Enquirer: 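Pasting in a structure now, in structure tokens, and then I'll have a few things to ask.
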Amino acid sequence: NSFYLSLIFHLLKQHAVCLHRRNSTREQLRMHHLIKQLPRAIIIGVRKGGTRALLEMLSLHPAVVKASQEVHFFDNDENYDRGVDWYLKKMPFSFPHQITIEKSPAYFITEEVPERIFKMNSSIKLLLIVREPTTRAVSDYTQVLEGKERKNKTYNKFEELVIDTKTCEVNTKYKAVRTSIYTKYLEHWLKFFPIEQFHIVDGDHLITDPLPELKLVEQFLNLPSRISQYNLYFNATRGFFCLRFKFMFSKCLAGSKGRIHPDVNLSIKEKLQRFFHPFNQKFIQITGRTFNWP
């Protein structure tokens, strides 16, 4: 009997500790004024431009809190119909002085999104990360190809999808090509937001030398400079920069990042680069951001 009594006492004690911890957590939330806030900045795209890397790197900043999952509020009709309160519930807890950032690459190319975001917050800051358009298109193809291979499905070669067999010209019906025509989508966004509310991040630079790009974002978001070289270290095995938080906690992006691209016929690459060139020039003219693109 004494054994059972001591067991019951031990279980009750454990339960009391759990309740105390739960209440303490609630109390801490209340005491420290942790709240859920709508984003004051959104990474709107572009797909395969480095949106996840940018979000994770920005979360190194003590004044930035990130939504861990893509919410797809503005580009998904069903989610959007659930209302802003539903969207707010999907946001992480933060202190009042912090800013919440979320990312969904589909936002940039979805027609309804600019107006929907404008209705929520007309002064929101918009982050757009882009890569050299041909590289981005190949990366897009590679991601889809990997998904098909996992399901044992066959998939056309990149060259077969990117060139129209009838005209021998670039196939603008292929989504990976269309997404890389950045100016086409940006012009639609500019019907709702002035260019001053956009910051263009060079996704190729973010891979090779991330800190200068992150410094520019800190300035754009009016944040004090807090991200340093200490927070970023090059992982030779992965071939990418990884993140170092305080107290030596470190993190690398998922293995799906930095997939090896298939070899693409050089003449097809050059054809694509020539096709994108006038659109790139227009994009540079509108944004004032220059790139080392061919």
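FYI, side chains are in, hydrogens and waters are out, and symmetry mates aren't considered; it's all heavy atoms of this structure. Model, not experiment: these values are computed from the prediction.
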Enquirer: Is Tyr185 reachable from Ile286 through a run of I, L, V, M, F, W or Y residues, each pair having side-chain heavy atoms under 4.5 Å apart?
Expert: yes
Enquirer: Check step by step if side-chain contact (heavy atoms from CB on, under 4.5 Å) holds for Arg226 and Glu218.
Expert: CA-CA 8 Å; Arg226 291 287 182 273; Glu218 282 179 331; 4.3 Å; yes
Enquirer: Anything under 30° is parallel, anything over 60° is perpendicular, the rest tilted; go ahead and classify Trp189 against Phe198.
Expert: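 Answer is perpendicular, since the angle exceeds 60°.
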Enquirer: Looking at every non-hydrogen atom in both residues, tell me the closest pair between Phe93 and Val65 and how far apart they are.
Expert: O-CG1, 3.7 Å
Enquirer: Is there a donor-acceptor contact under 3.5 Å linking the side chains of Ser225 and Lys215?
Expert: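 Ser225 vs Lys215: donor-acceptor pair found between side chains.
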Enquirer: May I ask you to decide if Ala106's main-chain N or O and Ser104's side chain share a donor-acceptor pair within less than 3.5 Å?
Expert: no
Enquirer: Other residues, nucleotides and ligands only: do more than 12 of their heavy atoms fall within 6.0 Å of NZ on Lys36?
Expert: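 Result for NZ/Lys36: enclosed.
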Enquirer: Calculate, to the nearest 0.5 Å, the distance between atoms CG and CG belonging to Asn121 and Leu126 respectively.
Expert: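 Atom-to-atom, Asn121:CG and Leu126:CG are 9.0 Å apart.
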Enquirer: With the 4.5 Å side-chain cut-off for hydrophobic clustering, are Leu127 and Ile42 part of the same group?
Expert: no
Enquirer: Quick one: sort the Phe73 and Tyr80 rings into parallel, tilted or perpendicular, breaks at 30° and 60°.
Expert: tilted
Enquirer: Would you indicate whether Lys90, at its atom NZ, is surrounded by more than 12 heavy atoms from other residues, nucleotides or ligands within a distance under 6.0 Å?
Expert: no
Enquirer: State plainly whether one hydrophobic cluster holds both Phe283 and Ile109, where clusters connect Ile, Leu, Val, Met, Phe, Trp and Tyr through side-chain heavy atoms under 4.5 angstrom apart.
Expert: yes
Enquirer: Name the one of Arg136, Lys48, Glu132 that satisfies side chain to side chain donor-acceptor pair (under 3.5 Å) with Ser180?
Expert: Arg136
Enquirer: Going by the rule side chain to side chain donor-acceptor pair (under 3.5 Å), which residues pair with Gln37 if we only count those two or more places apart in sequence or in a different chain?
Expert: Ser94
Enquirer: State, with a plain yes or no, whether a side-chain heavy atom of Leu214 is found less than 4.5 Å away from one of His61.
Expert: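 The answer is no; the side chains never approach within 4.5 Å.
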Enquirer: Checking Glu56 side chain against Ala53 main chain: does a donor-acceptor pair fall under 3.5 Å?
Expert: no
Enquirer: Who passes ring pair (Phe, Tyr, Trp, His ring centres under 6.0 Å) against Tyr174, sequence neighbours left out?
Expert: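 With sequence neighbours excluded, Tyr174 shows a ring pair (Phe, Tyr, Trp, His ring centres under 6.0 Å) to no residue whatsoever.
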Enquirer: Return the CG to CG distance between Leu161 and Asn171, rounded to the nearest 0.5 Å.
Expert: 8.0 Å
Enquirer: Report yes or no: does Asn231 contribute a side-chain atom to a donor-acceptor pair with the main-chain N or O of Arg244 at less than 3.5 Å?
Expert: yes
Enquirer: Going through the checks in order, is the side-chain contact (heavy atoms from CB on, under 4.5 Å) test met by Thr179 and Phe108?
Expert: CA-CA 9 Å; Thr179 303; Phe108 185 57; 5.8 Å; no
Enquirer: Under the side chain to side chain donor-acceptor pair (under 3.5 Å) criterion, do Lys103 and Thr51 qualify, and how do the steps go?
Expert: CA-CA 7 Å; Lys103 73 104 174 173; Thr51 57; 3.0 Å; yes
Enquirer: Ignoring hydrogens and angles, tell me if any N or O in the side chain of Asn235 forms a donor-acceptor pair with the backbone of Phe240 under 3.5 Å.
Expert: no
Enquirer: Kindly confirm or rule out a cation-pi arrangement of Arg82 over Tyr87, judged by NZ or CZ under 6.0 Å from the six-membered ring centre and within 45° of its axis?
Expert: no
Enquirer: Give a yes or no on whether the backbone of Phe95 and the side-chain of Gln98 come within a donor-acceptor separation of less than 3.5 Å.
Expert: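 Yes, because the side chain of Gln98 sits within donor-acceptor range (under 3.5 Å) of the backbone of Phe95.
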Enquirer: Within the side chain of Arg40, is there an N or O that forms a donor-acceptor pair under 3.5 Å with the backbone of Ser123?
Expert: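 No; judged by distance alone, with no hydrogens or angles, the pair does not exist.
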Enquirer: Is it the case that one hydrophobic cluster holds both Ile117 and Leu55, taking links as side-chain heavy atoms less than 4.5 Å apart, direct or via other members?
Expert: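 Hydrophobic grouping puts Ile117 apart from Leu55.
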Enquirer: For residues His261 and Thr135, report the shortest heavy-atom separation together with the two atoms involved.
Expert: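 Distance-wise, the nearest heavy atoms are CE1-O, 3.8 Å.
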Enquirer: Donor-acceptor pair, His188 side chain versus Glu111 backbone, under 3.5 Å?
Expert: yes
Enquirer: Should Val113 and Ile43 be counted in the same cluster of Ile, Leu, Val, Met, Phe, Trp and Tyr side chains packed under 4.5 Å apart?
Expert: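 Unlinked, Val113 and Ile43 end up in two clusters.
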Enquirer: Between Leu206 and Asp202, is a side-chain contact (heavy atoms from CB on, under 4.5 Å) present by the stated rule, with each step listed?
Expert: CA-CA 6 Å; Leu206 195 76; Asp202 187 329; over 6 Å; no
Enquirer: Above 12 or not: heavy atoms from other molecules or residues under 6.0 Å from CG of Asn292?
Expert: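 No, CG of Asn292 has 12 or fewer neighbouring heavy atoms, counting only those of other groups under 6.0 Å.
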Enquirer: Please step through ring-ring contact (aromatic ring centres under 6.0 Å, His included) for the pair Phe118 and Phe193, ending with a clear verdict.
Expert: CA-CA 8 Å; Phe118 181 83; Phe193 298 97; 5.7 Å; yes
Enquirer: Drop me the distance from Gln281's CD to Phe276's CZ, to the nearest 0.5 angstrom.
Expert: 14.0 Å
Enquirer: Using a strict 4.0 Å threshold on nitrogen-to-oxygen distance, state whether Glu70 and Arg47 make a salt bridge.
Expert: no
Enquirer: Check the pair Asp140 / Arg178 against salt bridge (charged side-chain N to carboxylate O under 4.0 Å, His left out), numbers first and verdict last.
Expert: CA-CA 11 Å; Asp140 200 327; Arg178 288 204 316 273; over 6 Å; no
Enquirer: What distance separates Ile163 CD1 from Lys157 NZ, expressed to the nearest 0.5 Å?
Expert: 14.0 Å
Enquirer: Look at the rings of Tyr155 and Tyr141 and say which category their plane angle falls in: under 30° parallel, 30 to 60° tilted, over 60° perpendicular.
Expert: parallel
Enquirer: Just by modelled atom types, is the Thr110 backbone N or O under 3.5 Å from a matching donor or acceptor in the Asp75 side chain?
Expert: no
Enquirer: Would you say the side-chain atoms of Arg116 pair up with the backbone N or O of Phe74, donor to acceptor, closer than 3.5 Å?
Expert: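 Yes.
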Enquirer: Should we say atom NZ of Lys125 is surrounded by more than 12 heavy atoms from elsewhere, each under 6.0 Å from it?
Expert: yes
Enquirer: Report yes or no: does Glu159 contribute a side-chain atom to a donor-acceptor pair with the main-chain N or O of Asn265 at less than 3.5 Å?
Expert: yes
